[in-house]
*Asks:* 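Right, I'll just put the structure down here and ask away after.
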2 protein chains.
Amino acid sequence: MIVFGTVTVPSVSTNSKPRVTIDHVARAVGVSRQTVSRAINNKSEIDPGTRQRILDAARAMGYRPSRFARGLVRQHLITVGLVIADVLNPFFPEVTAGVLEAAEHRGWQVVVYTTNSDHRKELEVVDLLIEQVDVGVAFLLHQDAIVKAAGAGLPFILLDKGDRAPEVPGVRIDFESGVRQGLEHLLDRGHRRIAMIDDVTYLSVVGPDPRREVYLKVMAERGLPVDAGWIQPAHNSVEGGAEAMGRLLAARPDVTAVFAYNDVIAIGAQRRAAELGLRIPRDCAFLGFDGLTVGELVEPPLTTLHIDKRRLGEIAVEQAALLLGGPEERVAEDAVIRPELVVRGST
Amino acid sequence: MIVFGTVTVPSVSTNSKPRVTIDHVARAVGVSRQTVSRAINNKSEIDPGTRQRILDAARAMGYRPSRFARGLVRQHLITVGLVIADVLNPFFPEVTAGVLEAAEHRGWQVVVYTTNSDHRKELEVVDLLIEQVDVGVAFLLHQDAIVKAAGAGLPFILLDKGDRAPEVPGVRIDFESGVRQGLEHLLDRGHRRIAMIDDVTYLSVVGPDPRREVYLKVMAERGLPVDAGWIQPAHNSVEGGAEAMGRLLAARPDVTAVFAYNDVIAIGAQRRAAELGLRIPRDCAFLGFDGLTVGELVEPPLTTLHIDKRRLGEIAVEQAALLLGGPEERVAEDAVIRPELVVRGST
DNA sequence: TTGAAAGCGCTAACAG
DNA sequence: CTGTTAGCGCTTTCAA
């Protein structure tokens, strides 16, 4: 045991050039490498004295077993690659929490990659995934990135699964039910001129997102015309939401409610509205999507369609396990996450 | 290239039992495994025709190179283990962003582990670190976990470095300067009865944290007595901050300012104060620590000591690189992060 | 352009 | 209790 201030951390361990191998230790101690292996791995069939001598020598020499050599021989450790767009968007940490927990539960390791939803970056990350992990759990926007991963035979679970990759297993969010709940809530409150702030990236890459499609559908069902100016694209950030809200109010100052692509955008939009003198929810109501914790902290607290993001991550890992599990055993059906309306002060 | 809906993802790749090796592919195609290796690795010395046949066969058979075998032979890929307390506390994602970026820059892989600052969990995670990564970058509260890692010869960088591990390299946050700035700001505003809400876990494990020590010191320098009831412990969460604030106001309703361990706690405390009818900052001012984005979104926006968390993560990876770098090359000195006062509406 | 041999660092299986 | 013999799956010589 090392005591700081008395004994220093073995600086030999910080070398990089000559890797200390089990053979070096064996030679130094004068035993076979098998014996060293036994000592290192806490096997029982070994003389306590020998064992101690080996451990001491190993530590002194700065020996650390090679994880590659070990992995090669005991085909155990599974690594899952988690691909998210951005750690800073609070949505992803929650999913990550679920993934980490489920992975730990199975003794899996999680390597994290971020893409910022950038096309080139997604393709690069998929390459890494193919090389470095056993199974991927990924938010991937770009069709060709998905195709590339699947084509390379990488087992993976798609986390933002829409209609674009029917053959790839994933977790599906029930936008139909979610958005419908939210809009009906707004309609019940008497709103008729309901705008939508959409994510510009998703829009430009994948096409109209499911939220928007359901929005248009529900409005049509009620016989409510949707004014073209009601739909504003936004960058996926608080500032993006604020800008879109500014544009919306300039174009259509008479909207009474805003349905946003997600909570981050909704928070930005709501702030900007307040800055411009609107009273929320009286002058304009706001509905978010995702159910982020931060939505409870803003003023007024945000009404939102809450989805269990942590569960989303857990389910993804379960699906991944199925994928890796049996021979030919296809993941039968996508798991589904259903959003739940949480009414707070913003509506 | 696979087209979804037309060709299905090769289900053979989802098998787990018989790993398809390079030899299987070689035999199937009728070439040596070196030739397969050449095809897979895009080497130039290979006949385009052979190459294509091999690639096709490999794909059809669901062949994926073993990363262990590869790693063993080309000693390249470095894996850094990032240990954080909790993905859900917004402080950590920001650090993580920095680590991910710096790691990507170097072509390193990042495996993420969480501990919840739990003692047993920290020890377990250190075990995993020792087995699974080349270098650790870690928030570790418990001295024995730090000692264990260092003792095992694992190169690592301590992220919440206080005075407890002088021999372990790390990044140091300049609490002295930070807290002083913050308190002087409060004193300038005329506050004299300044309470502090401290983190109970840190307190119970490591002892009084540097923030508190500087707080006591500055107050003493000004000749301002610190009432015992002014210091309240809190769990590290919004709710924890709220509870502590409740206790504080019950015990000492006459405090005029609160300095919190971090922004998360400050936000909770501020909310509770507002719920109890206090007007912020008139009746009570709030000062946080960390400079989280969410602090800008609450009402009133939180005055805080901002630290560049992303930079913290980047620096840690740079330090890690030094550690791995030269022989005997010790990381000369801890890098230092200096907090910066950001004045907003809460003071 | 291709193949054969050697070995990366380790552990499992069997002797002794 | 300890050593020897075989690989794990791949790439890197070196020949052909």
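Below, read A as the first sequence line, B as the second, and so on, with proteins coming before strands; counting in each chain starts at 1. Since we're looking at a predicted model, the values are computed, not measured.
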*Asks:* I need the CD1-P distance between B/I22 and C/dG7, as an integer number of Å.
*Replies:*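 Computing the B/I22:CD1 to C/dG7:P distance gives 19 Å.
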*Asks:* Nearest nucleotide by nearest heavy atom, which residue falls closer to the 5' end of DNA chain C, A/F68 or B/T50?
*Replies:*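 Nearer the 5' end of the strand: B/T50.
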*Asks:* Please answer whether the main-chain N or O of A/P65 pairs with a side-chain N or O of A/R70 as donor and acceptor at a distance below 3.5 Å.
*Replies:*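 No: the side chain of A/R70 does not pair with the backbone of A/P65.
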*Asks:* Could you tell me whether A/R64 and B/D134 make a salt bridge, using a distance below 4.0 angstrom between a side-chain N and a carboxylate O?
*Replies:*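 So A/R64 does not pair with B/D134 through a salt bridge.
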*Asks:* Under a 4.0 Å threshold between the charged nitrogen and the carboxylate oxygen, would B/E318 count as salt-bridged to B/R311?
*Replies:*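 Yes, B/R311 and B/E318 are salt-bridged.
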*Asks:* Side-chain N or O of B/S32 versus OP1/OP2 of C/dG3: is the shortest distance under 4.0 Å?
*Replies:*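 The answer is yes; a side-chain N or O of B/S32 sits under 4.0 Å from OP1 or OP2.
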*Asks:* Does the side chain of A/R67 come under 3.5 Å of the side chain of B/T79 through a donor N or O and an acceptor N or O?
*Replies:*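 Yes, because at least one side-chain N or O of A/R67 sits under 3.5 Å from a partner of the opposite role on B/T79.
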*Asks:* Would you check if there is a donor-acceptor pair between the side chains of A/Q132 and A/Y113 at a distance under 3.5 Å?
*Replies:*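 There is such a pair (donor and acceptor under 3.5 Å, judged by atom type) between the side chains of A/Y113 and A/Q132.
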*Asks:* Charged N to carboxylate O under 4.0 angstrom, A/E124 versus A/K121?
*Replies:*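 No, A/E124 and A/K121 are not salt-bridged.
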*Asks:* Could you tell me the separation between the NE2 atom of A/H24 and the P atom of C/dC10, rounded to a whole number of Å?
*Replies:*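 Rounded to the whole Å, the gap is 9 Å.
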*Asks:* For DNA chain D, whose closest nucleotide is more 5', that of A/D47 or that of B/A69?
*Replies:*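 Whichever sits nearer the 5' end wins; that is A/D47.
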*Asks:* Between the protein and nucleotides 12-16 of chain C, list the N/O to N/O atom pairs that are separated by less than 3.5 angstrom.
*Replies:*
residue: C/dA12; atom: N6; partner: A/Q34; partner atom: NE2; Å: 2.4

*Asks:* Using a 4.0 Å cut-off to any heavy atom of chain A, which nucleotides of DNA chain D are the first and last in contact, reading 5' to 3'?
*Replies:*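 The contacted stretch runs from D/dC1 to D/dG9.
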*Asks:* May I ask you to decide whether A/E122 forms a salt bridge with A/K148, counting only side-chain N to carboxylate O separations under 4.0 Å?
*Replies:*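 So A/E122 does not pair with A/K148 through a salt bridge.
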*Asks:* Could you tell me how far apart B/L72 (CG) and C/dT11 (C1') are, to the nearest whole angstrom?
*Replies:*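 It works out to 12 Å between those atoms.
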*Asks:* Could you tell me whether the side chains of B/D118 and B/H142 share a donor-acceptor contact shorter than 3.5 Å?
*Replies:*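 No - no donor-acceptor pair under 3.5 Å links their side chains.
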*Asks:* If I take atom CZ in residue A/R33 and atom C1' in nucleotide C/dG7, what distance separates them, rounded to the nearest angstrom?
*Replies:*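 Taking atom C1' of C/dG7 as the reference, CZ of A/R33 is at 11 Å.
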